[in-house]
Amino acid sequence: GPLDKEGVWSYRLTGLWQEADYGLDYSRDDRLYIAPAFTISPNDGTSLTILTDYSRRETNTARGLPYGFALDPDTFLGEPDFNYFNTRQTDLGYLFEHAFDGGLTFRSSARYSHVTLDYADVYIASTSPIANRSAFTVDGVADRFTVDNQLQYDASWNGIESKTLVGVDYTRDRVHEDIKYGTAGAIDIFNPAYCGSSCITLGPYVNWKVNNQAVGLYAQEQVTFDERWILTFGGRYDYIDAKADFPDWGTSDASTDGTFTKRLGLTYKVNEGLAVYANYSESFQPLVAPTANGYTVSGTLKPQEGQQYEVGVKYRPDSFDGLFTLALFDLTQSNVPTNITPLIQSQIGKVNVKGIELEGKVALNDRWNAVLAYSYWDAEIKEDGIAGNAGNRPDRVPRHIASAWLDYTLPGNGTIGDLTLGGGVRYVGQSFGDTANTTSVGGYAVFDAAARYKVSDHVTLAVNAKNLFDRDYQTTCYYGTCYYGDRRSVLATLKYTW
């Protein structure tokens, strides 16, 4: 809301407090978040917003169970006092925009973030009742500063509209992680008895300090011809300077890399309700992680690069309220990171995914609404210099994903408010837990439901249920450990607006 009568100063306050768990023993998901924001707009063409926030989260990592054993998904095989993933984050930033005469606009944004991590976990490495479990801790702190400045120039002549954008951004990351790895006492998976911190032994694993700097220069042009053709093309040059120091070993790794990526898109509006498009784009993502083996580190990861080809159709009919989209795509990524052991990460040469995505949103009438979506992914490891897995499907990538939702509104009569009832299903197909495709994870479908009642113009009551029938299902398996999906959750929400 405004802070003065003229509306030059305004504010926003967002806050969240949550005390919760995941419905499992020894789990938690407590959160605190507060984000004040202030905006000054001395005139219609100028605004400055100051953004701040603080968040605290105390939670756990995913709970895994050994592959091939019919255990209750609630079974906990770690240590209750050594099972947390706690973060603290503080952000400070701004958004600035000023519109000059003649179609020129300047925008600037920046943010500083400070994050701390306190992580500890014990997980089972062998199903033998006399074999030790594995223990893992991370004590980390990260600082990031990023700033982005851009100019946009809008012009038009002879039925042609142009939007020209140029900019430069800079990011600096400083990260320090002290990672320790060790063992915890053995446990009987069918009758677990916990031994506490006294049975946990930890030793140095990776202690590293990472300093990254990145500069990006970019430009984009969007031209509209005859109100039907929209051509967009642009390019970006990224320069990365990365350094990783390992104090325990007295070694360091440094790398620099510069890459130019480009993008091109064309849209044609057949009429007001139908458009077809095609695009091509490239991506560049620097990666920094040690490839560790015992107490040695060899090299840093190469940047991950990608190419995307896509064609599609968007249709909004005149006769009823609806939107239908169809997309065909071909995505290729190289230097994709993957784990060759639970603790050692390396890269595979090239992964390709071809697919199709369809979605339809329809208001059948004033009371019925429906949403349907389907995706088919044909994924393949094209090049793999690690373990000869070329031709296999990448891990955790299903072929089929689908969802459907239908809701119906009973209109109120002045005394009774509107009541909306809905239900739907989400389906994820079979996938593999490893790039060797030796561990298969079955597909699953879960059902959701919702009810929303408009008590008054200012008050709404809603109840949402996920996994309505409380189905037990595995989402993935990873080096002999399987992870289950979320159990049934029911959330009631009372919302008041003024």
Side-chain angles (χ1 to χ4, degrees), residues 61-62 64-69 123-127 134 280-293 298-311 327-358 373-403 426-446 472-485:
T61 56
L65 296 174
Y67 176 73
F69 289 83
Y123 57 94
I124 191 165
S126 171
T127 56
S134 294
Y280 168 78
S281 63
E282 299 173 344
S283 64
F284 171 77
Q285 177 64 46
L287 302 171
V288 180
T291 302
N293 185 4
S298 57
T300 56
L301 299 179
K302 299 177 182 178
Q304 182 171 298
E305 299 178 344
Q307 293 180 322
Q308 170 183 296
Y309 298 89
E310 181 180 354
V311 295
L328 303 172
F329 59 87
D330 186 324
L331 310 175
T332 301
Q333 283 190 325
S334 57
N335 300 325
V336 178
T338 188
N339 282 75
I340 55 178
T341 75
L343 294 174
I344 300 178
Q345 191 177 64
S346 189
Q347 289 177 291
I348 58 180
K350 188 178 293 185
V351 172
N352 176 261
V353 181
K354 299 182 178 71
I356 180 172
E357 293 189 346
L358 304 101
Y374 170 73
S375 298
Y376 172 76
W377 298 344
D378 181 14
E380 182 182 352
I381 299 174
K382 292 293 187 179
E383 298 176 7
D384 179 15
I386 301 173
N389 293 323
N392 290 353
R393 200 191 321 168
D395 53 307
R396 291 168 285 179
V397 179
R399 289 193 186 277
H400 305 278
I401 295 179
S403 63
R426 293 174 285 124
Y427 172 76
V428 177
Q430 179 269 347
S431 62
F432 291 102
D434 57 353
T435 54
N437 289 180
T438 58
T439 304
S440 179
V441 182
Y444 58 88
V446 293
D472 292 337
Y473 62 96
Q474 294 177 349
T475 57
T476 189
C477 294
Y478 179 77
Y479 285 99
T481 301
C482 294
Y483 298 90
Y484 283 81

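When reading the values below, keep in mind they use all heavy atoms of this one structure, side chains included, and skip hydrogens, waters and symmetry mates.
Looking only at side-chain heavy atoms (C-beta outward), W377 and F329 come within less than 4.5 Å of each other. The shortest distance between side-chain heavy atoms of R399 and R393 falls below 4.5 Å. Using a 4.5 Å heavy-atom threshold, the side chains of T439 and Y67 count as touching. Side-chain atoms of Y483 and L65, non-hydrogen and from C-beta on, never get closer than 4.5 Å to each other.
No donor-acceptor pair closer than 3.5 Å links the side chain of T481 to the backbone N or O of P66. In this structure, the side chain of S375 does not engage the main chain of E357 through any donor-acceptor pair within 3.5 Å. D330 places no side-chain N or O within donor-acceptor distance of the main-chain N or O of K354, the cut-off being under 3.5 Å. In this structure, D384 contributes its side chain and I381 its backbone to no donor-acceptor pair below 3.5 Å.
Note: Y484 OH to T475 OG1 = 10.0 Å, rounded to the nearest 0.5 Å. Remark: D395 CG to D434 CG distance equals 7.0 Å, nearest 0.5 Å. Rounded to the nearest 0.5 Å, atoms CG (L328) and CD (E310) are 8.5 Å apart. Rounding to the nearest 0.5 angstrom, the gap separating the SG atom in C482 from the CZ atom in F69 is 11.0 Å.
Looking at Q304 and S334, their side chains never bring a donor and an acceptor atom within 3.5 Å of each other. Side-chain polar atoms of T435 and N389 form a donor-acceptor pair below 3.5 angstrom. Under the 3.5 Å distance criterion, with hydrogens and angles disregarded, no donor-acceptor pair is assigned to the side chains of N352 and K350. Residues Q307 and Y280 have side chains that bring a donor and an acceptor to within less than 3.5 angstrom of each other.
Of all non-hydrogen atoms in V397 and A379, the two that sit nearest each other are CG1-CB, 3.8 Å. The heavy-atom pair separating V428 from P398 by the smallest distance is CG1-CG, 3.9 Å. Scanning both residues, Y427 and A445, for their nearest heavy atoms gives CD1-CB, 4.1 Å. When all heavy atoms of C477 and V441 are compared, the closest pair comes out as N-CG2, 3.6 Å. Of all non-hydrogen atoms in P394 and V351, the two that sit nearest each other are CG-CG1, 3.6 Å.
Aromatic ring centroids of H400 and Y376 lie under 6.0 Å apart.
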Side chain to side chain contact (heavy atoms under 4.5 Å, CB included), that's the test. Do S440 and Q430 meet it? Break it down for me. CA-CA 7 Å; S440 179; Q430 179 269 347; 3.0 Å; yes
